[in-house]
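Report on one structure; see the data block that follows.
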Amino acid sequence: MITNTQVNLHTHTVLCKHAVGTVKEYCSQAVKDGLKVLGITEHSCFPDDRHPSTRMDYAMLESYRQEIEDAKSEFPQLTILAGLEVDY
């Protein structure tokens, strides 16, 4: 059974421009901390790149997805979920 202390579903990496650390670094720390599930939830980007100081550039969306897929291969002991935090 997974407990709520083994899950973090709200993280932002350097891609959002107001956090530090890469997807790989977050995953490595999550494993060290005993997490079982990690959700990477960057702020949703827009095709017109609105809010450039707090969101990844739209052109980075595919590389963000690839970083998540690479991390899934590198950290098989960790369930890694990709998400986007959408404000309305």
Side-chain angles (χ1 to χ4, degrees):
M1 182 166 100
I2 296 175
T3 67
N4 62 353
T5 60
Q6 296 172 308
V7 177
N8 182 348
L9 297 177
H10 190 163
T11 60
H12 300 294
T13 71
V14 70
L15 291 173
C16 76
K17 303 177 186 169
H18 63 273
V20 296
T22 64
V23 170
K24 182 179 175 178
E25 290 169 335
Y26 273 65
C27 292
S28 179
Q29 189 62 49
V31 170
K32 289 176 189 173
D33 291 344
L35 268 66
K36 302 293 183 197
V37 180
L38 180 65
I40 308 290
T41 51
E42 301 296 352
H43 290 279
S44 182
C45 52
F46 295 103
D48 64 1
D49 285 326
R50 274 180 276 165
H51 311 294
S53 65
T54 59
R55 298 172 190 282
M56 74 176 121
D57 297 334
Y58 190 75
M60 297 297 297
L61 192 56
E62 179 57 29
S63 62
Y64 165 63
R65 189 201 64 76
Q66 188 60 55
E67 282 187 58
I68 300 289
E69 292 306 311
D70 292 347
K72 287 179 181 180
S73 295
E74 189 167 343
F75 300 93
Q77 69 276 42
L78 184 63
T79 299
I80 304 168
L81 305 173
L84 292 171
E85 181 178 341
V86 179
D87 303 314
Y88 62 94

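Please read all numbers here as calculations on a predicted model, not as lab measurements. Along the sequence shown, residues carry numbers from 1.
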Taking side chain as C-beta onward, heavy atoms only, is Ile40 less than 4.5 Å from Thr11?
-> yes
Shared hydrophobic cluster, Leu81 / Leu15 (ILVMFWY, side-chain heavy atoms < 4.5 Å) = no
Linked, directly or transitively: Val31 and Leu35 (ILVMFWY side chains, under 4.5 Å) | yes
Does His12 reach the main-chain N or O of Thr41 with its side chain, forming a donor-acceptor pair under 3.5 Å?
-> yes
Measure the shortest side-chain to side-chain distance between Gln29 and Glu25 over non-hydrogen atoms and say whether it is less than 4.5 angstrom.
-> no
Met56 versus Cys45: any side-chain heavy-atom pair under 4.5 Å?
-> yes
To the nearest 0.5 Å, atom SG of Cys27 lies from atom CD1 of Ile68 at 6.5 Å
Start with the C-alpha gap between Tyr64 and Leu84, add the side-chain angles, then the distance that decides, and say whether side-chain contact (heavy atoms from CB on, under 4.5 Å) holds.
-> CA-CA 10 Å; Tyr64 165 63; Leu84 292 171; 4.0 Å; yes
Is there a chain of hydrophobic side chains (I, L, V, M, F, W, Y, each step under 4.5 Å between heavy atoms) that links Val23 to Val14?
-> no
Does any N or O in the side chain of Asp49 come within less than 3.5 Å of the main-chain N or O of Tyr58, such that one atom is a donor and the other an acceptor?
-> yes
Indicate yes or no for a side-chain donor-acceptor contact from Asp70 to the backbone of Lys72 under 3.5 Å, with no hydrogens or angles considered.
-> no
Just by distance, do the side chain of Glu67 and the backbone of Lys24 share a donor-acceptor pair under 3.5 Å?
-> no
Within-4.5 Å side-chain heavy-atom neighbours: Gln6 and Thr79 | no
Does Leu78 belong to the same Ile/Leu/Val/Met/Phe/Trp/Tyr cluster as Tyr26, with side-chain heavy atoms less than 4.5 Å apart forming each link?
-> yes
Supply the atom-to-atom distance Thr13 OG1 to His18 NE2, rounded to the nearest 0.5 angstrom.
-> 9.5 Å
Main-chain N/O of Arg50 paired with Asp48 side-chain donor or acceptor, under 3.5 Å | yes
Residue pair Glu42, Cys16: steps toward the side-chain contact (heavy atoms from CB on, under 4.5 Å) verdict = CA-CA 6 Å; Glu42 301 296 352; Cys16 76; 3.2 Å; yes
Below 4.5 Å, heavy atoms only, C-beta onward: do His43 and His51 meet side chain to side chain?
-> no
Over all atoms of both residues, closest heavy-atom pair of Glu85 and Arg55 = O-NH1, 4.3 Å
